[in-house]
Every structure is written in structure tokens, then in C-alpha cells.
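Following: one structure in C-alpha cells, then a few remarks.
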Amino acid sequence: MPEAAGPATPVRRSSLRQQIADALRDEVLTGRLQAGRHFTVKEIAELYGVSATPVREALVDLAAQGLLDVEQHRGFQVRRLTAADFRSLSEARLFIVDAAFRHIAEHGMGDLPADAIASVRRRAEAAAGAAQAGSLDVLVGCDLRFWRELTAIGGNPHICEFLDRIRTQTWVYAVPHLRALRDPAGVCWAGHVALVDAVAARDTAAAHALTTQADAHTRALVEKLAPARS
């Protein structure tokens, strides 16, 4: 469970389940709640000053997302993702993305609302800026929101949810390796704005190439860093 200098800030009573899940998800994503860490419902409930029920529900949600493992009679453990997991996740994402772009090539991109493009462009600028600055905590959140919004534009919600889950898990694996770098500035993929421009221009080939480039860049980077920490 995350370290705290003092009592945790009480969580608002509305949507406790989602708020607790979001807070713990961020801890896992940024690596502050490390792989293999054990904790119980009671510990998390005491940390946030809430009852056990919404905590248990939040933890079950995170387990369903593949971020936690349920340990019978012991509570929960942050899932340990392996290099093999990372490769499998990358391959699954590439398979779905290639299929999605084949569909787009045949049927077109569909409706691209101006407000949706403007919103995802703001996400792109924030993610690219964080990547160039090496601000990992900011980058993780911005990058996930960018891809979530981009794939949601006219996309199948089930595919969007599946891809978001895969991206989340790949970030969980990648972050500890990236934190080992002395200076992560400019290391992560930062082509978010170019990708939005390609989508806005309905340039399917360029959008596909940039998406594939993003996956290849991340996979090559993490596989290069992982041996140093294995």
C-alpha cells in the first residue's frame, strides 16, 4: 500500500468505489504501489477513512482489469507482469489495431466531430510535452487519456475498453524500467500530435503508420531497458 506521511485525505462520499479504484490505479501505474505488494481491504479502508464495502468493490474492479491478483485469505497483491506478459500484450494490441485499420480502410473513418478532435489534440499536446520533458507521472495519465479519447471517436466501445486495459498493463510493466533512467526526457514516443493531424486529415495510411510506430518504439525501448533490471 502507498506510504503516507500522515493520515490520508478523506475520500468524498460520492462514487467511493470509483474514486478508490482511480486512486489505487494511479498508484500502480506510477509505480508507487509496486509489483508484488500485498495489502488487505482493511488496510486500504483505514488509509482512506472509509468502510470496507467500497474498498472491496474497487479492488475487485482492479483485479478484473488485470492490475491486482486476489490472494485467498490474504487479500490482494499488485500483479507481477513479466517480459513475456509485455510481449503478449504488445502482440494483442497490434493484432487488434491492424484489424481496426483494415476496417477503416474499407469503410472510412466515419464521423469526426470537431469538438472531439479538438479535445484529443489537447490530450496529444499534453502527452507529447510530458514525453519530451521526461515527466513520467504526467505522461502516463496523459498518454492513456489520449489513446482512450482517440479510439473512442466513432469506435467500438468494447474494442476501446480492451485496448485501454492493454495499454494500462503495458505502462505498469514499463514504468519501473523507465524510472531506472537517469534522464527519461525525450525517450518515450511523442508523436501524438502528428497522429491527431493524420486522423483529422482522414489519412488512414499515415495514422496506421504512426500508431504502429508508437507500439514499435515502446516495445523496443522497454525491451532494451528490461535486461538491466531483470
Side-chain angles (χ1 to χ4, degrees), residues 18 21-22 25-26 29 61-67 79 81 83-132 138-175 187-223:
Q18 188 61 53
D22 288 346
R25 187 173 184 262
D26 286 346
L29 276 167
D61 289 344
L62 293 178
Q65 293 171 28
L67 300 182
R79 185 180 175 193
L81 291 165
D85 289 326
F86 177 77
R87 287 192 294 272
S88 296
L89 289 165
S90 299
E91 290 166 1
R93 179 173 58 197
L94 183 60
F95 182 84
I96 296 298
V97 167
D98 283 350
F101 273 104
R102 284 197 299 272
H103 179 82
I104 291 171
E106 294 175 6
H107 303 283
M109 289 190 180
D111 188 27
L112 300 175
D115 57 343
I117 293 294
S119 177
V120 79
R121 188 183 300 279
R122 289 192 293 272
R123 301 294 191 195
E125 292 169 350
Q132 291 159 358
V138 177
L139 172 59
V140 172
C142 290
D143 183 76
L144 284 171
R145 286 191 290 272
F146 164 76
W147 288 106
R148 195 177 300 133
E149 284 196 18
L150 184 65
T151 54
I153 298 177
N156 182 310
H158 298 290
I159 293 176
C160 294
E161 182 180 353
F162 177 74
L163 289 175
D164 184 56
R165 172 174 171 165
I166 289 179
R167 290 190 188 96
T168 298
Q169 291 186 43
T170 53
W171 267 121
V172 169
Y173 179 79
V175 165
V187 170
C188 295
W189 184 76
H192 305 74
V193 176
L195 178 52
V196 177
D197 288 342
V199 171
R202 296 181 179 275
D203 188 338
T204 301
H208 191 184
L210 284 163
T211 302
T212 302
Q213 179 192 94
D215 288 340
H217 180 105
T218 301
R219 180 166 177 170
L221 172 62
V222 174
E223 291 186 345

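- The minimum heavy-atom distance linking A207 with A198 is given by the pair N-CB, 3.8 Å.
- Here CD1 of I166 is found 9.5 Å from CG of D215. Values are rounded to the nearest 0.5 Å.
- Looking at D22 and Q18, their side chains do bring a donor and an acceptor atom within 3.5 Å of each other.
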Given side chain to side chain contact (heavy atoms under 4.5 Å, CB included), test V199 with L112 step by step and report yes or no. CA-CA 9 Å; V199 171; L112 300 175; 4.3 Å; yes

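- R202 contributes a side-chain N or O that, together with a main-chain N or O of G110, makes up a donor-acceptor pair within less than 3.5 Å.
- Rounding to the nearest 0.5 Å gives a distance of 11.5 Å between CG of L89 and CG of L163.
- Side-chain atoms of H208 never come within 3.5 Å of backbone atoms of D203 as a donor-acceptor pair (strictly under, hydrogens ignored).
- Between E91 and R219, the closest side-chain pair of non-hydrogen atoms falls below 4.5 Å.
- Taking 4.5 Å as the limit, some side-chain heavy atom of R93 sits within range of a side-chain heavy atom of T170.
- Look at R121 and E149 and you find no salt bridge, because none of the NZ, NE, NH1 or NH2 atoms lies under 4.0 Å from a carboxylate O.
- For the atom pair CH2 (W171) and CG (L139), the distance works out to 4.0 Å, reported to the nearest 0.5 Å.
- The two atoms that bring C142 and A126 nearest to each other are SG-CB, 3.8 Å, heavy atoms only.
- Annotation: the span from T212 atom OG1 to D98 atom CG amounts to 5.5 Å, rounded to 0.5 Å.
- For the pair A64 and R165, the tightest heavy-atom approach, listed with the atom from each and the gap, is O-NH1, 2.7 Å.
- In this structure, F146 and H192 have perpendicular ring planes: the angle between them is above 60°, well past the 30° mark.
- Atom CG of residue D85 and atom OH of residue Y173 lie 8.5 Å apart, to the nearest 0.5 angstrom.
- Between I117 and A200, the shortest heavy-atom distance links the atoms CG2-CB, 4.1 Å.
- There is no side-chain donor-acceptor pair under 3.5 Å between Q65 and T168.
- Scanning all heavy atoms of the two residues, the minimum distance from V175 to L29 falls at CG2-O, 3.3 Å.
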Side chain to side chain contact (heavy atoms under 4.5 Å, CB included) between E223 and R87, worked out: CA-CA 9 Å; E223 291 186 345; R87 287 192 294 272; 3.3 Å; yes

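- Taking NE2 from H103 and CG from N156, the interatomic distance works out to 9.0 Å, rounded to the nearest 0.5 Å.
- You'll find the side chain of M109 reaches within 4.5 Å of the side chain of I104, heavy atoms only.
- Panel note: side chain S119, backbone D115; no donor-acceptor pair is recorded below 3.5 Å.
- For E161, the CD atom is loosely surrounded, since the number of other residues' heavy atoms within 6.0 Å does not exceed 12.
- Minimum interatomic distance between W147 and A214 (heavy atoms only, all atoms of both residues): CZ2-CB, 4.0 Å.
- Within a 6.0 Å sphere centred on NE2 of H158, other residues, nucleotides and ligands contribute 12 heavy atoms or fewer.
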